[in-house]
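Just so it is clear: chains get the letters A, B, ... in the order the sequence lines come, proteins before strands, and each one is counted from 1. Everything quoted here is computed from the prediction, not taken from an experiment.
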Protein chains: 2
Amino acid sequence: MSLRFAVLTLLDIEPGSGYDLKRRFERSVIHFWSASHQQMYRELHKLHGEGLLDCAEQPQEGRPDKKIYSLTDAGRDTLRTLATAPASTQKIRDPFLLQLFAGHHLPPAQLRAELERHLAEHRALLETYEAQNARFYKRPPEQRQRLWLAHQPLVLGIATEKTWINWAEQLLARLESEEAG
Amino acid sequence: MSLRFAVLTLLDIEPGSGYDLKRRFERSVIHFWSASHQQMYRELHKLHGEGLLDCAEQPQEGRPDKKIYSLTDAGRDTLRTLATAPASTQKIRDPFLLQLFAGHHLPPAQLRAELERHLAEHRALLETYEAQNARFYKRPPEQRQRLWLAHQPLVLGIATEKTWINWAEQLLARLESEEAG
DNA sequence: ACGTACATGTAACCAGTTACATGATTAA
DNA sequence: TTAATCATGTAACTGGTTACATGTACGT
């Protein structure tokens, strides 16, 4: 139900097309949820079929027509219901940790290279989060007050990435000293 | 491919049945991967069908027969290949953060109750990790040296849970002061 | 000529969850 | 007698990924 919940939440804030939603996921929700454009279109069709969304076709010149989706009353009801339902606690599922767990199958140099690759990705992620965070703090105080709750996932995202990077740096140092010694 | 990798890794350490694997997942790998018994049995059948596992039926008295699976040579080859393949970086997908993001749809008291429920779950999780960690440090130094890499996911698990709990406690304090003020 | 952004979609597959089904043993 | 642990499985469904398909516009 989470993709459904996410789609309804974003369309409730502002109507848009599948393509719009995909970009909004990437820009604002990526640190705690993600979805491909194929998932979007499938979900939008389903929601529309169930009468939770209205669809307005908007012809465009020079580019493909847009289908702008917005919530119906039934959609808003469903959103309220989903928002109230208890969410399940997320278990970690990290393929890289699995790889580490079986790390004795890899030559140490390759393991170190893998770790450095993941480190680079996490550092890049942290940078984009920090940038989003900086934009938040440039908003007027009135908006910051209103949006503080929706901002909390980003706060956690930043803390989590810092934790990851810190752990990985210590691990890297140890891998290097094991290789040297 | 990750479930496959996890199953092969555990069976490489020690052969066992689907039921055994399920328990070993819960005891040793749960903090970075999880799987239900249905997934196990399906994966074991598939791996066996592909000739990556041998299966020895072991009759038992008073309880159902066991099917003990172990790696074939082809299985060990596959495991080595999977261990070498670059793992994708995990994206966070936390339904609770989605709920927070849409938190304005919930009455504050209910939101606080939800947060407290999740906090309790994360605290319990941290406790079990700390217990596992304590058991690790009771092992003889020779074993600690040999297993240090496989122990790293647990180190990260502990740090991540602490980060989560710390974030949630600050959020809870703010929710309480907003309710009071 | 090539890549990127815009815009929507189908099909096949892989992964994970939920519900159901069976049946013995052991401890409270 | 009730619940938990041991042990294996089927079926249906939901969710997510990968590959393919189409076509315009714009910048290099």
Side-chain angles (χ1 to χ4, degrees), chain A residues 1-8 15-27 29-30 32-50 53 55-69 82 85 87-95 98, chain B residues 1-8 15-27 29-30 32-50 53 55-69 82 85 87-95 98:
Chain A
M1 291 290 95
S2 287
L3 177 59
R4 165 164 300 217
F5 180 32
V7 166
L8 289 175
S17 68
Y19 195 85
D20 291 337
L21 279 179
K22 194 200 115 204
R23 278 182 313 164
R24 285 166 67 189
F25 262 76
E26 277 163 10
R27 283 176 199 171
V29 195
I30 188 72
F32 55 95
W33 204 266
S34 62
S36 60
H37 79 278
Q38 293 85 347
Q39 273 182 285
M40 295 296 173
Y41 290 122
R42 189 165 50 178
E43 196 62 36
L44 287 170
H45 286 304
K46 246 199 281 181
L47 289 165
H48 185 239
E50 291 171 33
L53 296 181
C55 177
E57 240 163 295
Q58 181 185 299
Q60 296 190 122
E61 280 166 39
R63 39 185 69 174
D65 293 354
K66 265 188 175 188
K67 292 181 182 174
I68 307 287
Y69 292 94
L82 289 176
S88 62
T89 306
Q90 187 55 15
K91 298 161 209 156
I92 296 177
R93 281 171 170 274
D94 192 334
L98 218 43
Chain B
M1 290 292 94
S2 287
L3 176 59
R4 165 164 300 219
F5 181 33
V7 167
L8 289 174
S17 69
Y19 194 84
D20 290 337
L21 278 179
K22 194 200 115 207
R23 278 182 313 165
R24 284 164 68 188
F25 261 76
E26 277 163 10
R27 284 178 197 168
V29 195
I30 187 71
F32 56 94
W33 205 265
S34 61
S36 60
H37 78 278
Q38 293 84 348
Q39 272 182 286
M40 295 295 172
Y41 289 123
R42 188 165 54 181
E43 196 61 37
L44 287 170
H45 286 304
K46 245 199 282 181
L47 289 166
H48 186 239
E50 290 172 33
L53 297 181
C55 177
E57 239 162 297
Q58 180 186 300
Q60 297 191 121
E61 279 167 40
R63 38 185 68 173
D65 294 355
K66 265 188 173 187
K67 292 181 180 172
I68 307 287
Y69 291 94
L82 288 176
S88 61
T89 306
Q90 185 56 13
K91 297 162 211 155
I92 296 178
R93 282 171 170 274
D94 192 335
L98 217 43

Could you tell me whether the phosphate oxygens of [N], OP1 or OP2, come under 4.0 Å of any side-chain nitrogen or oxygen in [X]?
| X | N | result |
| --- | --- | --- |
| His37(A) | dT8(C) | no |
| Arg23(B) | dC6(D) | yes |
| Gln39(B) | dT17(C) | yes |
| Tyr41(A) | dG9(C) | no |
| Ser2(B) | dA15(C) | no |
| Tyr19(A) | dC6(C) | yes |
| Arg42(A) | dG16(D) | no |

[X] [atom1] to [N] [atom2], straight-line distance once rounded to whole Å:
| X | N | atom1 | atom2 | result |
| --- | --- | --- | --- | --- |
| Asp20(B) | dC6(D) | CG | P | 9 Å |
| Phe25(A) | dT17(D) | CZ | P | 12 Å |
| Lys66(A) | dT8(C) | NZ | P | 7 Å |
| Met40(A) | dT10(C) | CE | C1' | 18 Å |
| Glu57(B) | dA7(D) | CD | P | 14 Å |
| Lys22(A) | dG9(C) | NZ | P | 14 Å |
| Arg4(A) | dC13(D) | CZ | C1' | 14 Å |
| Gln58(B) | dC6(D) | CD | P | 15 Å |

Self-check item: Any side-chain heavy-atom pair of Phe5(A) and Trp33(A) under 4.5 Å
Solution: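 No; the side chains remain at least 4.5 Å from each other.
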In terms of side-chain heavy atoms of [X], which of [options] is nearest?
| X | options | value |
| --- | --- | --- |
| Lys67(B) | dG16(C), dG15(D), dG9(D) | dG9(D) |
| Lys46(B) | dT10(C), dA15(C), dG16(D) | dA15(C) |
| Arg93(A) | dT8(C), dG9(C), dG16(C) | dG16(C) |
| Tyr69(A) | dG16(C), dT17(D), dG9(C) | dG9(C) |

Review point. Is it true that Lys66(A) and Glu57(A) make a salt bridge, defined as a side-chain N closer than 4.0 Å to a carboxylate O?
Key: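 No, no charged N to carboxylate O under 4.0 Å.
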Measure from NZ or CZ of Lys22(B) to the centre of the six-membered ring of Phe25(B), then state whether that distance is under 6.0 Å and the direction lies within 45° of the axis.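 No.
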Could you walk me through whether Leu82(B) and Arg4(B) pass the side chain to side chain contact (heavy atoms under 4.5 Å, CB included) check?
CA-CA 9 Å; Leu82(B) 288 176; Arg4(B) 165 164 300 219; 3.8 Å; yes
Heavy-atom nearest pair, Cys55(B) first then His48(B), reads CB-NE2, 3.6 Å
